[in-house]
K.L.:
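Right, I'll just put the structure down here and ask away after.
First the proteins, then the strands, lettered A, B, ... as listed; each starts at 1.
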There are 2 protein chains.
Amino acid sequence: MKAKKEITIYDIAKKLKYSPSTISRALNDHTSISKKTIRAIKKTAKEMGYHPNSLAASLRNNRSKTLGIMISRINRPFISSLISGIEEHARKSGYNVIISQSNDKYENEVVNAQTLYNSRISGLIVSLSMETRKVDHLKQFMDQGIPIVFVDRVPDELNIHKVIIDNYAAGYKATQHLIEQGCSRIAHFAGAQHRNVYRERKKGYIDALKDYNIPVDNDLIIRFKSLSFEEGEKATRKLLDLPGPPDGIFSANDTTAVSAILHAKKRGVKIPEELAVIGFNDDPIASIVEPGLSTITHPAIKMGQICAQRILQHAREDQDHAVSEITVLPTELLIRDSSNRKGI
Amino acid sequence: MKAKKEITIYDIAKKLKYSPSTISRALNDHTSISKKTIRAIKKTAKEMGYHPNSLAASLRNNRSKTLGIMISRINRPFISSLISGIEEHARKSGYNVIISQSNDKYENEVVNAQTLYNSRISGLIVSLSMETRKVDHLKQFMDQGIPIVFVDRVPDELNIHKVIIDNYAAGYKATQHLIEQGCSRIAHFAGAQHRNVYRERKKGYIDALKDYNIPVDNDLIIRFKSLSFEEGEKATRKLLDLPGPPDGIFSANDTTAVSAILHAKKRGVKIPEELAVIGFNDDPIASIVEPGLSTITHPAIKMGQICAQRILQHAREDQDHAVSEITVLPTELLIRDSSNRKGI
DNA sequence: ATATTTTATGCAATCGGTTGCATGTTTTTG
DNA sequence: CAAAAACATGCAACCGATTGCATAAAATAT
C-alpha cells in the first residue's frame, strides 16, 4: 500500500503550461490573474485531485493557520464548552485548533507552550493551570508578535488581552442572594487564592458580608486545593460539626456545592431551610441534584467564540501589544431550590 | 513591536563552524555525530535561544507530528474524556492534537476531513457524526497510507481499525438486569439505527427479551433523533400514558434516562419499584440524580489512550491496511438505586 | 502611429530543516 | 606499516508553496 505521489502546483503548472506562481496566485484568487485563467486553473486542480499542502504555505509564511489552546483539563463542562466555542469560530475562519492540557501542572504548561511555539501557531488562548504563578514561558509568543488571549484563569499582569467574567461581582451577587434569603452564617468554599477567579469570588463574598454588617468568620472560609467532590464532602462535614454551623454556603464551583447538598441531606439537614447552598458554573449536575442547585452561570461557549474572534483579529492586524483589551462577560444568578427559602 | 528573527540551524552552524547537516543531526541525536559534538551543539543551541521549526521538518518529511480528531461535539462528557485520553497519550509521544467538531452534520465532517488532510496529519481518529452514512471523504487518508482509527461510532466496513465497546453485550446486560429485577414490560430509548452503537444496544435489548421469553412490544421502543433531555421527557410522558405502561426503561444514554426518572417522579411513579431505569455512559449526572441512575460504564479516557497508541503504532510502522484491528473494551453494569428493586 | 497605462504572467529566491551519498579522518587489524 | 573498517562531517538537492521584481502583451491615450 504505497502512498501515491501528491499533486502539487508544479504538476498543474506543467499540465496547463503556466508557471507555478500563476497557479499559486490563481488558487488564492489573486487579483493579478485573469478571471478566465483562475477558473480554468481551479477546474484543472480539482480534476487532478489537487490538495494544497498547508505545511508548505505555513513554512513560507512562517505562520500556520492554527490556534493553540492551553487549558487545565478538557473533560470539564466549562472547559469543553469553551473549547467548543473556540473551535467553531476558528474553523469558520479557516483555522485549525490544537489543544494541550496542563492537568493543572505548571511543568506541563511550560512544555506545552514550547511545543505550540515550535508549531508556529498564529495565536494562543490560555487558561492557566492551578499551579502557575509566573508566565515567563509565554513571553516568547509576545516577543514574536504572536497574539495571546487569556481566558477565565488569567494572570494579574496589566498589558495583556483577557476574556473574563466579573468574578467579584458574581461572588458578591451570590453572597448577597444568600443574605437576602435570611442566611447570617455563610460559609465559603474557596479555591486557590493565587488564581484570580477564586480570589475575586472570595473578595465579592467578603465585601457582601461587610456591606450587610455580617461578621466575617474565618472558620467558615474553607480553602480548597482542587474543589473536588471528596474535598467538598469533607469540608461540609467539618462545617456541620461546628458548634455554630453555617446556614448558607457559597461554593466557588458546582462540584463541591453538590457534594455539600448531598452530604447535608444525608445528615438530615434541610435544604434550603437549614442550609442554603449556591454554586458556580451551572454544570449539568446543578440542574439534576435535588433540590436544584442555585448557581452563577457563565456564557462558556460564547467566551470561546470571543476568544477566537479576538485572537484572529489580532493575528491579522499587526497587533499592538501596548494596548490591552479586556472583555468582561456577564454572569447571571440562577436561583434554583437549593437557596430559595422564600419561594420566589 | 517587531518580531525578532528566529534562530535557525544555519545560525548555529555559522557560529560553531559546522555544517547545517551536522547541527540537524546533532539535535536529533543521530548516531553518526560524536557525543562530544552533540553536547556542544545542544548547549550552544540552547544558549542562542534556538526553537526548532516543526513546520520545516514536517514539510520535508511530508508529515506533521500531529493527530487529527473528528468528533461530533466536544462538550459532552464521553467525548471530552475520550479526547483527554487521546491528547495525553499523543503529547507524551511528541504529537500535537487537532480537533474538529462536526456538530453531527455530515457536511461539516467532509469539510473538516479536507482541512485535516491538507495539514498532513500523521493519523486520524474518527467518531462519526450522527448523519454520516458513507465514508468516502476519508478514503484520501487511506490512499495516502495515513492511518485511521475509528472509535465508538464506527462504520460497518470490515477492513478498518476500530476501538469500540461491545454495545450488544452491554445492551443485553442492561436489559437482563432489568428482567432479573422483575421487570416484564421494558421500554427502550433507542438512538438512530444507522449508527452502530445504537443499533447494537437495541439488538442486545431485543435478544435479552427473547431469551427470557418476554414479548417484544414495538410500542415500547422509542426511536430518538438526538437523545436529548426534552425528547426523553416527551417519550416518558407518552409511555406512562399508555394503557399498559412499562415497568422498566433501558435508555441508550444517560441524559434521557435521567429525564425519565425526573418526569416519572413528578408524576408520582415510584422508582425503581414501579419503574426501573437504566442508562448508558455513566455521565456525571448519573451519580447525582436521585435515585442514582444505574448505567453502563465506558472506559472513555482509556479508549482515547488506546486510540492514540494504535494510531501512533500504525503511523510508525509502514502500516498494512489489509489487516483490520478491532479493539473491544469492556463495559460494566453499574447498579445504582434506579433499578435496584431487590436491594443488592 | 507612438507613448503610456494597465493587465497578465514568469523568474528565481526563500521559508528551515532533512538525508543519501561522498569524503576525509581516525582507529583497528593482519 | 599498509589496508580495511569505523567514525565524523559536509555537500547539495529536496519538501511545496509564496512573492517582489521584471517583463511581455494588450488596452488606452496623445
K.L.:
I need the CG-P distance between A/L27 and D/dT19, as an integer number of Å.
P.N.:
13 Å
K.L.:
The side chain of B/I33 is closest to which nucleotide in this list: D/dG16, D/dT9, C/dT18?
P.N.:
D/dT9
K.L.:
Decide if atom CD of A/E107 counts as having more than 12 heavy atoms of other residues, nucleotides or ligands within a radius under 6.0 Å.
P.N.:
no
K.L.:
Using a cut-off of 4.0 Å on non-hydrogen atoms, how would the nucleic acid contact of A/K35 be classed: base, sugar-phosphate, or nothing?
P.N.:
nothing
K.L.:
Report yes if a side-chain nitrogen or oxygen of B/S32 is closer than 4.0 Å to either non-bridging phosphate oxygen (OP1 or OP2) of D/dC7; otherwise report no.
P.N.:
no
K.L.:
Roughly, in whole Å, what's the span from CG in B/L59 to C1' in C/dC15?
P.N.:
9 Å
K.L.:
Just how far, in rounded Å, is C1' of D/dT19 from CZ of A/R60?
P.N.:
5 Å
K.L.:
Check the phosphate of D/dT9 against B/T37, side-chain N and O only, distance under 4.0 Å to OP1 or OP2. Yes or no?
P.N.:
yes
K.L.:
Measure from CG on A/L16 to C1' on C/dG10 and round the result to the nearest Å.
P.N.:
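It works out to 15 Å between those atoms.
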K.L.:
Does A/S54 have a side-chain nitrogen or oxygen under 4.0 Å from the phosphate oxygens OP1 or OP2 of D/dA17?
P.N.:
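It does not, given that no N or O in the side chain of A/S54 lies less than 4.0 Å from OP1 or OP2 of D/dA17.
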K.L.:
DNA chain C: A/I23 or B/H51, which has the more 5' nearest nucleotide?
P.N.:
A/I23
K.L.:
Determine whether any donor atom in the side chain of A/S58 lies under 3.5 Å from an acceptor atom in the base of C/dC15, or the reverse, and answer yes or no.
P.N.:
no
K.L.:
Starting at the 5' end of DNA chain D and moving along, which residue's nearest nucleotide shows up first, B/N62 or B/T22?
P.N.:
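Of the two residues, B/T22 wins.
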K.L.:
Could you tell me whether B/K302 atom NZ has more than 12 heavy atoms of other residues or ligands within 6.0 Å of it?
P.N.:
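Open: at most 12 neighbouring heavy atoms sit under 6.0 Å from NZ of B/K302.
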K.L.:
Between the base of C/dG20 and the side chain of B/R25, is one N or O donor paired with an acceptor at under 3.5 angstrom?
P.N.:
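It does, because a donor-acceptor pair links the side chain of B/R25 to the base of C/dG20 below 3.5 Å.
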K.L.:
Please report, rounded to the nearest Å, how far the P atom of C/dC11 is from the CD1 atom of A/I9.
P.N.:
13 Å
K.L.:
Would one find more than 12 heavy atoms of other residues, nucleotides or ligands at under 6.0 Å from atom CD of A/E47?
P.N.:
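For A/E47, atom CD is crowded (more than 12 foreign heavy atoms under 6.0 Å).
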K.L.:
Between the base of C/dC15 and the side chain of B/T8, is there a donor-acceptor distance below 3.5 Å?
P.N.:
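Answer is no: no donor-acceptor pair is held.
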K.L.:
I want to check one thing: is the phosphate of D/dG10, taken as OP1 and OP2, less than 4.0 Å away from some side-chain N or O of B/S19?
P.N.:
yes
K.L.:
Given atom CG of B/N28 and atom C1' of C/dT18, what is their separation to the nearest angstrom?
P.N.:
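Value for this atom pair: 8 Å.
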K.L.:
With no hydrogens and no angle check, do the side chains of A/Q114 and A/H137 hold a donor and an acceptor under 3.5 Å apart?
P.N.:
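Their side chains do not contain a donor-acceptor pair, so the 3.5 Å distance test is not met.
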K.L.:
Have B/S21 and B/S24 got a donor and an acceptor in their side chains that come within less than 3.5 Å?
P.N.:
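No - no donor-acceptor pair under 3.5 Å links their side chains.
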K.L.:
Atom CD1 of B/I12 and atom P of C/dG16: how far apart are they, to the nearest Å?
P.N.:
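After rounding, the gap between these two atoms is 12 Å.
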K.L.:
Categorize A/N53 for me: base, sugar-phosphate, or nothing, with a 4.0 angstrom heavy-atom threshold over every strand shown.
P.N.:
sugar-phosphate
K.L.:
Determine the contact category for B/K17: base if any of its heavy atoms lies under 4.0 Å from a base atom, sugar-phosphate if only primed atoms, P, OP1 or OP2 are that close, otherwise nothing.
P.N.:
sugar-phosphate
K.L.:
Starting at CD1 of B/I38 and ending at P of D/dC7, how long is that distance when rounded to a whole Å?
P.N.:
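Rounded to the whole Å, the gap is 14 Å.
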K.L.:
Which nucleotide in the list C/dA8, C/dT14, D/dA8 gets nearest to the side chain of B/S34?
P.N.:
D/dA8
K.L.:
Taking only the side-chain heavy atoms of A/S24 (C-beta and beyond), determine which of D/dA17, C/dG16, C/dT18 contains the nearest atom.
P.N.:
D/dA17
K.L.:
Output the distance between atom CD1 (B/I12) and atom OG1 (B/T22), rounded to the nearest 0.5 Å.
P.N.:
12.0 Å
K.L.:
May I ask you to evaluate whether B/S21 reaches the phosphate of D/dT9, defined as a side-chain N or O under 4.0 Å from OP1 or OP2?
P.N.:
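Checking B/S21 against D/dT9: no side-chain N or O falls below 4.0 Å of OP1 or OP2.
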K.L.:
Would you indicate, yes or no, if D/dC15 has its OP1 or OP2 atom less than 4.0 angstrom from a side-chain nitrogen or oxygen of B/N61?
P.N.:
no
K.L.:
If you take atom types as modelled and just measure distance, does the side chain of B/Y10 reach the base of C/dG17 with a donor-acceptor pair under 3.5 Å?
P.N.:
yes
